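In the text below, chain A, chain B and the rest are named by the order of the sequence lines, each starting its count at 1. Keep in mind that what you see is a predicted model, and the values were worked out from it rather than measured.
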Number of protein chains: 2
Amino acid sequence: MKAHPARKYASSTDVARLAGVSQSAVSRTFTPGASVSAATRAKVLQAASALEYQPSIIPQIMLSGKSKLIAVVLGGLGNPYYAEFLQELAQQLEPRGYKMIVLYAQSDYGFEVLAAQLASYRVDAIISALAVLSSTSASELTAFKIPIITFNSDERSPWIVSISANNRHASAQMAQHLLARGAKRFAFLCGPVDSPASQHRLAGFRTALQQAGVEQLIVLQADHFTYESGFETTKQCFVEAGKPDAIYCANDVLAMGAMDALRFSLGLNVPKDVLVAGFDDIPEASWLSYDLTTITQPPVLLVKTALRVLEKMLAQPGQKQLSVTLKGELVERSSTNRSSSRKA
Amino acid sequence: MKAHPARKYASSTDVARLAGVSQSAVSRTFTPGASVSAATRAKVLQAASALEYQPSIIPQIMLSGKSKLIAVVLGGLGNPYYAEFLQELAQQLEPRGYKMIVLYAQSDYGFEVLAAQLASYRVDAIISALAVLSSTSASELTAFKIPIITFNSDERSPWIVSISANNRHASAQMAQHLLARGAKRFAFLCGPVDSPASQHRLAGFRTALQQAGVEQLIVLQADHFTYESGFETTKQCFVEAGKPDAIYCANDVLAMGAMDALRFSLGLNVPKDVLVAGFDDIPEASWLSYDLTTITQPPVLLVKTALRVLEKMLAQPGQKQLSVTLKGELVERSSTNRSSSRKA
DNA sequence: TTGAAAGCGATACCAC
DNA sequence: GTGGTATCGCTTTCAA
């Protein structure tokens, strides 16, 4: 059986021919606010529906150079926060008429190759959940002259704006919270070494503890921001590191891995034996089996901020924009509350 | 301060002018396998890099009608399975040179509007995690003549192919598993009424129970596929429905909500008092605080299958394709194992 | 190997 | 209100 030829879309010229009008008339019929007589409009619409005419946006992209496409780069693997973020982005982008091209990447290595591909689609901007890590990456990306919004990055340029959580401040708050809950020996469970967010959270936590007179801080190092990594790192390092009674984790997924290692592998009770806290406030954090104290970083707010910055960048390309810091707030749940009546 | 004009990309004509060659020569330089002399090529490449030339894919789309864009429609809200699916899709689509346009939609209502927008970008296909529910939707979508792949839908047409889990068979297996574990009074926690997947799972479960001589099945009805909905429905309906000793849930997220309602709201132990099982095998299902028995539906396999079907559809547009059923398998964990040594 | 020219499908501007 | 025409940036075909 012979393969069909690829589907051929009807063009405005086809519609014009069938309707017995000019191609311009067809274009006007589909342009809101353009002047067409009712008679012409009717003829056009009928012909259009007969041919299943679907106007193409492609020629407009060619003329205008604007595609109404926003590229979204996600750094995959296991953080539900990304899913929330993506969905929120979709919802806020939709009414503005943008569509999202979504890509996954493991690290900012090779980001330039990605950017080149995206440039060939003439995307209007790139929003990257992946941090731009090196100044090499940053300058290569800058060459594309595409507005880039990134999160928790230290690098920036007129074309790269970073939006960050108030990692240091919120982590200081967390230190105070844990101190107030009676913790004495603290641990911080880091994410991958190249994560600026993780480092800033550690720094803020450490500083606040020092200011409260606590000099010692056990630092556990997870390889990935995953449950499994949180679990294994906690299981292997907890005892030899000297049994802290409070663990603050670089994000929620790590914290849940840590909690389960404590409970099911080390036979400890959370929060009775050890307090555990995280960062992000993913939906799973409020699931009662974890009920994790954490720092909220509402995706709605994050996206709203990102789009506000984006609009400015699109209005004034190449203009230096200020970096933005969001304020995350501590959400107290039973993972750090010994007096809670919660069963486990 | 005056706003800059929008970024203007260099065109092949610009490069040609600077290099002192024809525009065709530039095009050939960037077309693998085209015949250009080394000298010309060198001149072109130098000029291109000076102008930061990035070939546009847009004119090709216009000429060929193929955009190398695949639209992915997700039905939002709280099912981590979507995130896994999306990531896997990204990874398998990338080496084939496709980019994804991602959209969220609440239901297949308004799907045609979405499809129209996607058609205007000349997407090559649509992959929809959302089920196509009504035959009205189906026929309207068919009019676009865009290959559509959907999941767990009953509707189909030459342009719409559905890929389904073996919902009935796997659910029958689950019934046998729960019977073998000693359950006597069964409940099924449904998802939204308009979900075909949920209905097929219920049907398979009920039939298998009947074949085993169990006539009674309590059916609980959740409004959404969310943790919260699973929690509330279980909490409110469990007792009045007559205390089952095994609950099979239409998906994992519901199951986790159910587990927590049993534990923290009703004071029951899982699995000692009640066995709980789900469907999907999301990553959270293997987190030890839940350790949920469920049916795997590996995203890798799902995506691999989807793309195999897609390739056929693209090769033979409008040709009737066979629907596909995947085989999911039961994964037994401690949520249905009373003798497990797991602590909680 | 090279350059000139046609063509894709829309919008915008121009006379009429 | 209408139709003709230029235009965007490529790939492809055809002559040289």
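Atom-to-atom, CD1 of B:I58 to P of C:dG9 comes out at 15 Å; the value is rounded to the nearest Å. If you measure from atom NZ of A:K43 to atom C1' of D:dT2, you get 11 Å, rounded to the nearest angstrom. The separation between B:R17 atom CZ and C:dG3 atom P is 15 Å, rounded to whole Å. The CD atom of B:Q23 sits 11 Å away from the C1' atom of C:dA5 (whole-angstrom rounding). Computed from coordinates, the B:L63 CG to D:dT12 C1' distance equals 8 Å when rounded to whole Å. Atom CZ of A:R28 is separated from atom P of D:dG4 by 11 Å (rounded to the nearest Å). As rounded to whole Å, 13 Å separates atom P of C:dG9 from atom CG of A:L51.
Using a 4.5 Å heavy-atom threshold, the side chains of B:K312 and B:Q316 count as separate. With contacts defined as side-chain heavy-atom distances shorter than 4.5 Å, the pair B:Y121/A:L69 qualifies.
Here CZ of A:R156 is found 9.0 Å from OG1 of A:T150. Values are rounded to the nearest 0.5 Å.
At a threshold of 4.0 angstrom between heavy atoms, the contacts of B:V26 with the nucleic acid are absent. Nucleic acid contact class of A:S35 (heavy atoms, under 4.0 Å, all strands): base. Using a 4.0 Å heavy-atom distance criterion, A:S11 is classed as a sugar-phosphate-only contact.
Neither OP1 nor OP2 of D:dC10 sits under 4.0 Å from any side-chain N or O of B:Y9. Within the 4.0 Å cut-off from OP1 or OP2 of D:dT2, at least one side-chain nitrogen or oxygen of A:T40 is found. Regarding contacts with the backbone of D:dC8, every side-chain N or O of A:K66 stays at 4.0 angstrom or more from both OP1 and OP2. At D:dC10, one or more side-chain N or O atoms of B:Y53 fall inside 4.0 Å of OP1 or OP2 (strictly under the cut-off). Listed pair A:S22 / D:dG3 meets the phosphate criterion, a side-chain N or O lying under 4.0 Å from OP1 or OP2. For B:S12 and D:dC10, the shortest distance from a side-chain N or O to OP1 or OP2 is below 4.0 Å. Taking 4.0 angstrom as the limit, A:S37 places a side-chain polar atom (N or O) nearer than this to OP1 or OP2 of D:dT2. For the pair A:S27 and C:dA10, the criterion of a side-chain N or O lying under 4.0 Å from OP1 or OP2 is not met. Residue A:Q60 has no polar side-chain atom (N or O) positioned under 4.0 Å from OP1 or OP2 of C:dA10.
Between the two ends of the helix from C:dT1-D:dA16 to C:dC16-D:dG1, each summarised by a five-pair axis, the helix axis turns through 40° (rounded to 10 degrees).
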